[in-house]
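Counting begins at 1 with the first residue of the sequence.
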Amino acid sequence: MEKKGKSNKINFFKKIYISLFKTPKYSEIQKEGIKQALKYIMGVLLILGAIYSGILTYKMSGNANKLKSYLNENLPKLKYENKTLNAEADKRIVLDDNSVKVNFGGQIVIDTITNYDELVEEYKNKKEATVLLTAEKFTTINSEGIVQENTYDDIIKKYLGQEPNTLDKDTLLYLFDNISYSYYFVVYTIAYIMAHLIIVAVLSLIISLIIYLVNKVKKINIKFGTIYTMSIYALTITMIAFFVANFVPVKIKMYIQAASVIASAVYLWFATENSNKL
């Protein structure tokens, strides 16, 4: 005999299968309520977010290793003393390899000879993302010409966690060995889930309202709450499509996203049609 109070809950992976291929069974899974639907979509987003974050973190690690190798070969010897950085080079060095662009968004310029103000003004007018290693300061200039200055003492304290006493080539390269990829993995995953939960909330409301109003016109009596709960399952295909869209060109991405939202609305429509027949 079945114990009172117990219900036969549908497991997570079966819900994925039903959400993608069995719209007539939406009426069954929605009976578990909105809380279970939200737990379900959170689980879907956790899986997709972890995969996406793993790919990003892996690429980040690869780019950091390429950058470290490039800098090791091309950075001049550096010596920091008396709050002044000196490069063993008699001319300006510009590092603009693809690994530099990927990690810094632009180029790295090492020039401890030219007057600081003149150097900053020159690259500010170029409006090209640039990291300047000058004698006096570590300076960044973005593509809009906005300048941000840091002393080398600040850089040493912030990134190396020690009192200002040294900054050389080996110290800079150390920074790329000290990256916490697990931290970035967690941050990327959380950001992915939060961003897509907002998308789910907005899209589920929109397609639920549309289907609810259409049902009203057709004199089909289904509660809005029921439709809304089913819409969360219907958005499974949209969330998967949005994940895939991250890896295709922007123009194709828009079509994939639009088509997936329409597909979810169609799924929801068929689900309500079936629910009305029961």
Novice: Ignoring hydrogens and geometry, is there a side-chain-to-backbone donor-acceptor pair from T226 to I222 under 3.5 Å?
Specialist: no
Novice: With no hydrogens and no angle check, is any side-chain donor or acceptor of T130 less than 3.5 Å from a backbone partner on E128?
Specialist: yes
Novice: How long is the straight-line distance from OG of S231 back to CD1 of I207, given to the nearest 0.5 Å?
Specialist: 5.0 Å
Novice: Per the side chain to side chain contact (heavy atoms under 4.5 Å, CB included) rule, which among I29, T236, I41, L20 passes with K15?
Specialist: I29
Novice: In the single-linkage hydrophobic clustering (I, L, V, M, F, W, Y; side-chain heavy atoms under 4.5 Å), do I108 and I93 co-cluster?
Specialist: yes
Novice: One pair to check against side chain to side chain contact (heavy atoms under 4.5 Å, CB included): V266 and T23. What are the steps and the verdict?
Specialist: CA-CA 10 Å; V266 172; T23 56; over 6 Å; no
Novice: Show me the side-chain donor-acceptor pairs of residues 135-142 shorter than 3.5 Å, one per line, residues at least two apart or across chains.
Specialist:
residue: K137; atom: NZ; partner: E149; partner atom: OE1; Å: 3.2
residue: T139; atom: OG1; partner: Y116; partner atom: OH; Å: 2.7
residue: N142; atom: OD1; partner: E144; partner atom: N; Å: 2.9
residue: N142; atom: OD1; partner: G145; partner atom: N; Å: 3.0
residue: N142; atom: OD1; partner: I146; partner atom: N; Å: 2.9

Novice: If every non-hydrogen atom of T189 is compared with every non-hydrogen atom of G49, which pair is closest and at what distance?
Specialist: OG1-O, 3.8 Å
Novice: What I'd like to find out is whether the side chain of Q257 reaches to under 4.5 Å of the side chain of F242, using heavy atoms alone.
Specialist: yes
Novice: Measure the shortest side-chain to side-chain distance between N86 and L78 over non-hydrogen atoms and say whether it is less than 4.5 angstrom.
Specialist: no
Novice: Name all pairs fulfilling the salt bridge (charged side-chain N to carboxylate O under 4.0 Å, His left out) condition that reach into residues 91-110, sequence neighbours left out, sorted by first residue then second.
Specialist: R92-D111, R92-E122
Novice: Taking atom CE of M42 and atom CD1 of I47, what is their separation to the nearest 0.5 Å?
Specialist: 12.0 Å
Novice: Mind checking ring-ring contact (aromatic ring centres under 6.0 Å, His included) for Y17 and listing every partner two or more places apart, or none if nothing turns up?
Specialist: F21
Novice: Applying ring-ring contact (aromatic ring centres under 6.0 Å, His included), name anything that partners Y58, two or more places apart in sequence or on another chain.
Specialist: none
Novice: Give the cluster check for V94 versus V120: same hydrophobic cluster or not, with ILVMFWY residues linked at side-chain heavy-atom distances below 4.5 Å.
Specialist: yes
Novice: Answer yes or no: is there a donor N or O on one side and an acceptor on the other, between the side chain of T57 and the main chain of S53, under 3.5 Å?
Specialist: yes
Novice: For S264 and A234, indicate whether the former's side chain and the latter's backbone hold a donor-acceptor pair under 3.5 Å.
Specialist: yes
Novice: Keeping N82 on the side-chain end and T84 on the backbone end, is there a donor-acceptor pair under 3.5 Å?
Specialist: no
Novice: With heavy-atom distances below 4.5 Å as the criterion, would you say the side chains of Q36 and Q30 are in contact?
Specialist: no
Novice: Of all heavy-atom pairs between F185 and G54, which one has the smallest distance, and what is that distance?
Specialist: CE1-N, 3.5 Å
Novice: With sequence neighbours left out, write down each residue that passes ring-ring contact (aromatic ring centres under 6.0 Å, His included) with F12, or none if nothing qualifies.
Specialist: Y40
Novice: Give the table of side-chain donor-acceptor pairs shorter than 3.5 Å for residues 196-205, with sequence neighbours excluded, one pair per line with atom names and distance.
Specialist:
residue: H196; atom: ND1; partner: Y192; partner atom: O; Å: 2.9
residue: S204; atom: OG; partner: V200; partner atom: O; Å: 2.6
residue: S204; atom: OG; partner: A201; partner atom: O; Å: 3.1
residue: S204; atom: OG; partner: Y228; partner atom: OH; Å: 3.2

Novice: Distance from Q107 atom CD to Y123 atom OH, nearest 0.5 Å?
Specialist: 5.5 Å
Novice: Just do the side chain to side chain contact (heavy atoms under 4.5 Å, CB included) check on Y52 and F247 with the steps written out, would you?
Specialist: CA-CA 10 Å; Y52 180 68; F247 307 102; 3.7 Å; yes
Novice: Using distance alone, with no hydrogens and no angle criterion, decide if D153 and Y80 have a side-chain donor and acceptor under 3.5 Å apart.
Specialist: yes
Novice: Is a donor on one side and an acceptor on the other found under 3.5 Å between the side chain of N74 and the backbone of Y70?
Specialist: yes
Novice: Indicate yes or no: does E121 engage K126 in a salt bridge with an N to O separation below 4.0 Å.
Specialist: no
Novice: What is the distance from atom OG1 of T151 to atom CG of L85, rounded to the nearest 0.5 Å?
Specialist: 12.0 Å
Novice: Do Y26 and F270 come within less than 4.5 Å of each other through their side chains, counting heavy atoms only?
Specialist: no
Novice: Under the criterion side chain to side chain contact (heavy atoms under 4.5 Å, CB included), which of V131, L133, L132 is the partner of I110?
Specialist: L133
Novice: With a 3.5 Å distance limit and no angle check, can you tell me whether Y212 reaches the backbone of I227 through a side-chain donor-acceptor pair?
Specialist: no
Novice: Are L48 and I237 linked, directly or through other ILVMFWY residues, by side chains that come within less than 4.5 angstrom of each other?
Specialist: yes
Novice: Same cluster or not: are Y233 and F243 linked, directly or through other Ile, Leu, Val, Met, Phe, Trp or Tyr residues, by side-chain heavy atoms under 4.5 angstrom apart?
Specialist: yes
Novice: With the 4.5 Å side-chain cut-off for hydrophobic clustering, are M254 and I206 part of the same group?
Specialist: no
Novice: Is the shortest side-chain heavy-atom distance between N246 and K253 below 4.5 Å?
Specialist: yes
Novice: In this structure, are over 12 heavy atoms from other groups packed under 6.0 Å from Y183 atom OH?
Specialist: no
Novice: Quick one: does any side-chain atom of T238 pair with a main-chain N or O of S260 as donor and acceptor, under 3.5 Å?
Specialist: yes
Novice: For the pair K218 and E273, evaluate side chain to side chain contact (heavy atoms under 4.5 Å, CB included) and give the outcome as yes or no after the intermediate values.
Specialist: CA-CA 11 Å; K218 295 186 69 176; E273 282 280 285; 3.9 Å; yes
Novice: Enter the distance from K124:NZ to D117:CG here, rounded to the nearest 0.5 Å.
Specialist: 10.5 Å
Novice: Does any N or O in the side chain of S69 come within less than 3.5 Å of the main-chain N or O of N65, such that one atom is a donor and the other an acceptor?
Specialist: no
Novice: Could you grab the distance from atom CE of M194 to atom CD1 of I190, nearest 0.5 Å is fine?
Specialist: 9.0 Å
Novice: Evaluate the side-chain proximity of I256 to I252: yes if any heavy-atom separation is below 4.5 Å, no if none is.
Specialist: yes
